[in-house]
Amino acid sequence: MQDRLRVALPVRLLAVAVGAAYVLLACGLSVPSAAPTTVPAPASATPGPPTASPSPEPSPSPLPSLSPAELEALIAEIEASVHAIRELDAQRDVPDRVVDEVALRKDMERFISEAATPEEYAAQARLGERLGYFPADTDLAALQLGLLGDQVLGYYDEDSGELAVVQRGGAFGPLERVTLAHEYTHALQDQHFDLNTLETDDLSNGDRALARMTLAEGDATLAMQQWALGNLTFEQLLEITTRALDAEQLAALSGVPRLLARQLEFPYLEGLVFATSLYQAGGWAAVDAAYKAPPASTEQIIHPEKYTSREAPVEVAPPLTVADLGEGWTEGWSDTLGELGIATWLEPTAGIAAAKAAAAGWGGDRVVMLEATDGAWLVAWRTAWDTPADADAFAFAAQAQAGTLSTPATVAHSLGSTQVEVRIASVGELLRAVPAP
């Protein structure tokens, strides 16, 4: 889910399966064919080709309601097949619940309230607004609650070891079943690797927390995909696609700030690619091994070869401290935004492709927001790059993006240097009064 500018959520929500439009449609379940995926499925999954052709306008027929005993038997059958696909045995029973949207909202409200204090949410929102990620007066907790209430399909609670699948409608259909396969994979991960050790609720480095969450979500999405292709018919996959294209869900996502949307989809989409690269190199054993050496940055997720070569992020010192500004100043927030955060920041002016290219040489970064009692504030963001050419590319793109902000901003970079520093302030005098980068 999200953490700080990724919107802080506790490790228990590592297991949330979000937005069908992002998770299922974009992960390849929407276009089954005779060769539905490049992911080699294990023998136990026994995927087969589609059994029928799609109708031009699918209208899935209602499924009969299941008795409690029938539903329990179906859940047990799905979980048994996930064991075989994911090659992990259950070490203990996993309590499961089928919840409606009222129960879902209550759980989401509780999780969100436990994830961060109102002051922490407010500080995250201020930093996001000042960097240009969010519109003014963003209520981050409320925005997150609304988004998750619309998009969550299921979740695994690491604290209780319980999983839940959201049932929207009367039947436990293909979407609910594939969600169960995803969430049950999280339960197996937790039993074998202890998801708490990933430290996805670490508020000191959001980029690393997102990367580690992506390992778990990519793993579960790959297992979910293999389960779906081996256990659902063509018509059932088509029904998932139809529900994924629900107009209300797509409309809800379209109004979300770009950073939140990217951080929502990243663990599933890029996570699937990352997990697939590990799987193709060494099967599930290679995925298992990643929990002992989890990814350290979104850069390692976006470029799996950098994870394989263990290209570690550069440690970047805070560019400014309270001591640099004197009395009356405090540190409001500090974080690492990473390659994903930088690419998203550059998108409005550079476009998606150019923004990705300008962020691709990321080596490390640290952003700090300093605030004064009189309402003045200063954001200092120091970035490190692999080569001087990479730094040049970012500095050029950053100049354009900084020029669109509503408050004064500067981009400092010397030719031949591998560092670039961005500063944004409430008033221009602050940019000239503080120590130069």
**Report entry** Residue pair Trp381 / Trp345, side-chain heavy-atom distance below 4.5 Å
**Finding:** yes
Query - Of all pairs that satisfy ring-ring contact (aromatic ring centres under 6.0 Å, His included), the ones with a partner from residues 403-436, not counting sequence neighbours - result: none
**Report entry** Distance-only polar pair, side chains of Thr298 and Asp207, donor-acceptor under 3.5 Å
**Finding:** yes
Query raised in the report: Is the shortest distance from a Lys or Arg side-chain nitrogen in Asp386 or Lys306 to a carboxylate oxygen in the other one below 4.0 Å?
Result: yes
**Report entry** side chain to side chain contact (heavy atoms under 4.5 Å, CB included) partners of Ala122, counting only residues at least two apart
**Finding:** Arg126
**Report entry** Within 6.0 angstrom of Glu315 CD, more than 12 heavy atoms from elsewhere
**Finding:** no
Query raised in the report: Within the side chain of Tyr121, is there an N or O that forms a donor-acceptor pair under 3.5 Å with the backbone of Ile112?
Result: yes
Query raised in the report: Does Thr138 use its side chain to pair, donor to acceptor, with the backbone of Phe134 at less than 3.5 Å?
Result: no
Query raised in the report: Counting only N and O atoms by type, is there a donor-acceptor contact under 3.5 Å from the side chain of Glu120 to the main-chain atoms of Thr117?
Result: yes
Report task. Ignoring hydrogens and angles, tell me if any N or O in the side chain of His182 forms a donor-acceptor pair with the backbone of Met224 under 3.5 Å. Result -> no
Query raised in the report: Are side-chain N/O atoms of Asp219 and Gln189 paired as donor and acceptor at under 3.5 Å?
Result: yes
Query raised in the report: Is the backbone N or O of Glu311 less than 3.5 Å from a side-chain atom of Gln300, with the two atoms forming a donor-acceptor pair by type?
Result: yes
Query raised in the report: Between the side chain of Trp284 and the main-chain N/O of Ile85, is any donor-acceptor distance below 3.5 Å?
Result: yes
Query raised in the report: Is it true that a side-chain atom of Glu162 and a backbone atom of Val94 form a donor plus acceptor pair closer than 3.5 Å?
Result: no
Query raised in the report: Is there side-chain contact between Asn196 and Glu158, with at least one heavy-atom pair below 4.5 Å?
Result: yes
Query raised in the report: When you measure from the side chain of Thr200 to the backbone N and O of Ala209, does any donor-acceptor pair fall under 3.5 Å?
Result: no
Query raised in the report: Asp194 and Thr197: side-chain donor and acceptor closer than 3.5 Å?
Result: no
Query raised in the report: Can the ring centres of Trp329 and Trp377 be said to be less than 6.0 Å apart?
Result: no
Query raised in the report: Excluding sequence neighbours, so at least two apart, what forms ring-ring contact (aromatic ring centres under 6.0 Å, His included) with Tyr307?
Result: Phe274
Query raised in the report: Within the distance-only criterion (no hydrogens, no angle test), does the side chain of Asn231 pair as donor or acceptor with the backbone N or O of Trp227 below 3.5 angstrom?
Result: yes
Query raised in the report: What pairs meet the salt bridge (Lys or Arg N to Asp or Glu O under 4.0 Å) rule with one or both residues in residues 409-424, with sequence neighbours excluded?
Result: Arg382-Glu421, Glu421-Arg423
Report task. Starting at CD of Gln401, measure out to CZ of Phe394 and round the result to the nearest 0.5 Å. Result -> 9.5 Å
Query raised in the report: With sequence neighbours left out, what residues match Glu109 under salt bridge (charged side-chain N to carboxylate O under 4.0 Å, His left out)?
Result: Arg105
**Report entry** Pair Glu270 + Arg262: basic N to acidic O under 4.0 Å
**Finding:** yes
Query - Pair Thr336-Arg208, side-chain donor/acceptor within less than 3.5 Å - result: no
Query raised in the report: With a 4.0 Å cut-off, would you call Arg212 and Asp202 a salt bridge?
Result: no
Query - Distance-only side-chain donor-acceptor flag, His192 / Tyr291, under 3.5 Å - result: no
Can you give the donor-acceptor pairs under 3.5 Å from side chains of residues 428-437 to other protein atoms, not counting sequence neighbours?
none

Query - Side-chain donor-acceptor contact under 3.5 Å, Thr383 with Trp362 - result: no
Query raised in the report: Mind checking whether Ser297 and Ile302 have side chains closer than 4.5 Å, heavy atoms only?
Result: no
Query raised in the report: So, His303 versus Glu339: side-chain donor-acceptor pair below 3.5 Å or not?
Result: yes
